[in-house]
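Read through the structure below, which is laid out as structure tokens, and then see the notes.
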Amino acid sequence: MDELKTVATFADPMLASITQGLLKSNGIEAEIFGEFSSYPSVNIAEQNVELKVNAADYESALSILAASDKAE
């Protein structure tokens with residue numbers, strides 16, 4: 001990956017992983033940073049898990065995430 005930009009932050013690593021899968025299924029590589037524990041309750045106090053994509057994919061990733069939020 002080149003220069004990375006954060007497209008979303010999460011308190012729950014599982015939600016970060018689900019969102020990563022959404023982006024990957026749309027052809028955008030994404031990486032998760034800041035997973036401290038496999039126990040979500042440990043991380044729930046802060047949004048410290050970041051989902052990052054290449055800077056070139058940033059706008060596309062935001063569009064995909066926005067469309068996903070509207071679909072729910």
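Because only heavy atoms are used, hydrogens play no part in the values below, and waters and symmetry mates are left out as well, while side chains stay in.
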Pairwise distance [atom1]([X]) to [atom2]([Y]) - rounded to 0.5 angstrom:
| X | Y | atom1 | atom2 | answer |
| --- | --- | --- | --- | --- |
| Ile64 | Thr19 | CD1 | OG1 | 11.5 Å |
| Asp57 | Ser63 | CG | OG | 11.5 Å |
| Glu50 | Thr6 | CD | OG1 | 4.0 Å |
| Ile32 | Leu15 | CD1 | CG | 10.0 Å |
| Asn48 | Phe10 | CG | CZ | 12.0 Å |

With sequence neighbours excluded, what pairs up with Ala61 under the side-chain contact (heavy atoms from CB on, under 4.5 Å) test?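 If we apply the side-chain contact (heavy atoms from CB on, under 4.5 Å) test to Ala61, skipping adjacent residues, the hits are Val7, Leu23, Ile28, Val53.
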Under the side-chain contact (heavy atoms from CB on, under 4.5 Å) test, which residues partner Ala55, sequence neighbours left out?
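side-chain contact (heavy atoms from CB on, under 4.5 Å) check on Ala55 returns Glu3, Lys5.
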Is the backbone of [Y] close enough, under 3.5 Å, to the side chain of [X] for a donor and an acceptor to pair up by distance?
| X | Y | value |
| --- | --- | --- |
| Asn54 | Ala56 | no |
| Glu31 | Lys52 | no |
| Ser17 | Pro13 | no |

Applying salt bridge (charged side-chain N to carboxylate O under 4.0 Å, His left out) to Lys24 and not counting sequence neighbours gives Glu29
| query | Which is it for Phe33 and Leu51 under the side-chain contact (heavy atoms from CB on, under 4.5 Å) test, yes or no, and what are the steps along the way? | reply | CA-CA 6 Å; Phe33 293 85; Leu51 186 63; over 6 Å; no
*asked:* With side-chain contact (heavy atoms from CB on, under 4.5 Å) as the criterion, how do Asn26 and Leu22 come out once you've worked through the C-alpha distance, each side chain's angles and the decisive distance to 0.1 Å?
replied: CA-CA 7 Å; Asn26 283 279; Leu22 171 67; 3.8 Å; yes
By side chain to side chain donor-acceptor pair (under 3.5 Å), Ser60 pairs with (sequence neighbours left out) none
On a heavy-atom basis, the closest approach of Gly34 and Val49 is O-CG2, 3.7 Å
